[in-house]
Amino acid sequence: MALGFIKKIFSFGKKEVEEVPVEETSTVPDTSPTVEQIYEDTTAQEALPDTVETVPAAAEPVESQATYSEPESVLVDLAQEPEILPEIEPVIVEQVEIEIVPAESPRAEEIPTAPLPEAIAEPAEADVAVPETVPEIEAAAQERSEAAPEALESPMGERVAEPVAAPTPKAPAADAAGQVEPVLVPVKPASSKVTVTRTVEEKPADEPLPVAPEKRLTWFERLRKGLFRSSQQLGDSIGSIFTKRKLDEDTLQDLEDVLIQADLGMETAIRITDALSATRYGKDISTEEVRTIMASEIEKVLGPVAKPLELDLSHKPHVILVVGVNGTGKTTTIGKLAAKLTAGGLNVMLAAGDTFRAAAIEQLHIWGKRTGAPVVSSKIGADAAGLAFDAWKQAKEAGSDVLIIDTAGRLQNRAELMDELAKIVRVLGKNDPEAPHTVLQTLDATTGQNALNQVEIFRNIAGVNGLVMTKLDGTARGGILVAISAKHKLPVYFIGVGEQVDDLEPFAARDFAKAIAGVA
Ligand SMILES: Nc1nc2c(ncn2[C@@H]2O[C@H](COP(=O)(O)OP(=O)(O)OP(=O)(O)O)[C@@H](O)[C@H]2O)c(=O)[nH]1
């Protein structure tokens with residue numbers, strides 16, 4: 001199964017970022033004193049080493065201009081308090097136009113493959129065992145931040161804006177089913193157009209297969225397994241409606257209710273019942289026929305949003321700002337995405353912009369070690385926009401292709417969250433007017449309808465222009481992705497169906513529609 005994956009398009013006639021000196025941008029009048037503070041802080045930033053490799057291990061911490069105070073009010077958990085979500089005032093942010101390229105990507109084997117990048121630097125802690133699974137990563141992060149709280153200020157502080165080098169990215173592993181893991185193939189030809197695609201190839205028969213503890217499922221099997229609860233619940237309900245009943249007003253109404261309860265949303269529910277009624281009204285209809293028509297209509301909704309993530313390397317680094325409510329899978333998705341990109345030969349830098357939670361910073365460092373991506377971090381409570389500014393400078397100096405910035409999903413209050421994200425966007429825009437190029441929001445499928453509100457809010461706050469839905473494994477609420485697609489029409493780049501590094505896949509409308517409708 002070959003799927004189009006990531007496409008990178010060099011835009012013609014665009015100014016290179018390096019043509020815009022930082023000093024010039026810093027003179028642009030800005031009424032925001034906080035942004036000015038960040039620019040005044042460039043004296044401290046200039047003291048930073050020029051390249052990732054030369055950053056001394058015990059570099060003096062860059063004092064953030066951020067004023068962090070202890071929470072005065074109760075933490076607001078957006079995931080738990082849906083009723084407060086619509087109250088957030090919209091903030092006008094610059095929307096980044098992304099060029100959508102149809103899925104006729106050349107197969108990876110048809111395009112020249114650039115060599116994998118050299119190691120950025122020797123691993124800082126090469127002898128430290130890197131956790132393999134997300135639970136291990138979280139446990140390690142938690143343990144480290146809890147075990148030495150006082151050390152957090154010091155070692156973490158010493159790593160202020162210091163990228164920690166990580167092991168060289170490894171080639172993707174082959175799986176037990178004889179397929180090669182998804183590979184990103186970066187190509188940088190002389191022409192201005194660059195394409196990165198992903199392909200799953202048959203493994204040559206003469207190569208020994210790695211020993212695996214259990215048979216590895218194909219991606220579609222994993223998707224079906226993940227969406228089993230969603231499709232089973234839907235199938236049972238449909239079955240109970242259509243047993244020995246003709247398609248009439250009552251059955252159509254019952255079906256509409258079931259579809260809405262399955263989180264598919266009113267619009268899609270009506271679309272499905274209309275499609276059924278147009279061809280089968282007054283006739284006997286089997287649940288299989290209903291499922292087939294349902295899959296077809298869902299695919300029509302999802303098709304337009306199933307887009308490959310495009311990386312515009314004419315403005316290196318391509319900045320991906322990852323936003324979303326706490327716990328929706330931002331850090332994990334960043335790790336998974338970084339693994340894909342580094343495996344494809346791209347130089348990726350990560351920035352631990354969630355300065356609110358110590359474990360999040362640690363968690364990102366661990367992902368950095370696993371994926372070979374240096375991590376720029378600061379101490380807890382530091383100004384996230386300042387960190388993003390530093391990270392962009394360092395990514396630029398290091399020639400990184402992609403900079404992925406983690407952010408906090410929960411702050412003291414809504415206004416702070418709004419201010420912080422808006423400020424990060426504003427500050428990045430000073431470096432590169434088109435940054436952040438991608439504002440990716442992670443959504444937790446298990447939160448159901450609340451995910452709809454979350455998109456509304458983060459679109460307004462941070463100019464979200466792409467989505468990743470996580471935790472589609474095991475939830476009965478996978479239908480929410482259909483409702484979100486119908487309402488927001490934002491590109492859905494990836495879906496997450498597990499905690500492992502390879503449990504992130506490009507979103508394929510047909511696969512998803514068939515899996516949720518329970519069609520083979
Ligand atoms: N089952 C499953 N779990 C996931 C998936 N993605 C992330 N998780 C888990 O969800 C939990 C939260 O993930 P994080 O990446 O820490 O979420 P976050 O948004 O960065 O959270 P904060 O740092 O608190 O803002 C972790 O236990 C992850 O392992 C997924 O696709 N499936």
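Just so you know, ligand 1 is whichever comes first in the structure, and atom 1 is the first atom listed for that ligand.
Between A360 and ligand 1, not a single N/O pair is under 3.5 Å apart. The shortest N/O to N/O separation between T407 and ligand 1 does not fall below 3.5 Å. The shortest N/O to N/O separation between T442 and ligand 1 does not fall below 3.5 Å. Residue-to-ligand polar distances place G498 within reach of ligand 1: an N/O pair is separated by less than 3.5 Å. Between D473 and ligand 1, an N or O atom pair is found at a separation short of 3.5 Å. In terms of polar-atom proximity, G327 is counted as a contact of ligand 1, with an N or O under 3.5 Å from an N or O of the ligand. When only interatomic distances are considered, the shortest N/O to N/O separation between T332 and ligand 1 falls below 3.5 Å.
When each atom of ligand 1 is checked for a heavy atom of V497 under 4.0 Å away, the hits are 31 (O). Residue D354 has at least one heavy-atom neighbour below 4.0 Å for each of these atoms of ligand 1: 23 (O), 25 (O). Taking every non-hydrogen atom of K330 and a distance limit under 4.0 Å, the qualifying atoms of ligand 1 come out as 15 (O), 17 (O), 18 (P), 19 (O), 20 (O), 25 (O). Close approach to G496 involves these atoms of ligand 1, each under 4.0 Å from a residue heavy atom: 31 (O). For ligand 1, the atoms sitting less than 4.0 Å from at least one non-hydrogen atom of Q363 are 15 (O), 16 (O), numbered in the order shown with element in parentheses.
Relative to atom 6 (N) of ligand 1, the option among T446, I334, N326, T470 with the closest non-hydrogen atom is T470. One option in R357, K471, E499 has a heavy atom closer to atom 23 (O) of ligand 1 than any other, and that option is R357.
Checked by atom type and distance alone, the side chain of T332 never pairs as donor or acceptor with a backbone atom of G329 at under 3.5 Å. Of the possible donor and acceptor atoms, one in the side chain of R291 sits under 3.5 Å from a partner among the backbone N and O of A517. With hydrogens and angles ignored, the 3.5 Å screen pairs a side-chain donor or acceptor of H437 with a backbone N or O of V319. Counting only distance, with no hydrogens or angles, the side chain of T328 and the backbone of G324 share no donor-acceptor pair below 3.5 Å. Panel note: side chain K396, backbone N431; no donor-acceptor pair is recorded below 3.5 Å.
Listed by first and then second residue, the ring-ring contact (aromatic ring centres under 6.0 Å, His included) pairs that reach into residues 496-520 are F507-F512, sequence neighbours excluded.
Residues K423 and D383 are paired through a salt bridge, judged by an N-O separation under 4.0 Å between the basic side chain and the carboxylate. Salt bridge absent: D406 and K330 never bring a charged side-chain N and a carboxylate O closer than 4.0 Å.
With sequence neighbours excluded, no residue satisfies salt bridge (charged side-chain N to carboxylate O under 4.0 Å, His left out) with K514.
Looking at Q500 against ligand 1, nothing comes within 4.0 Å, counting heavy atoms.
Side-chain contact between H488 and E456 is present, with heavy atoms from C-beta onward closer than 4.5 Å.
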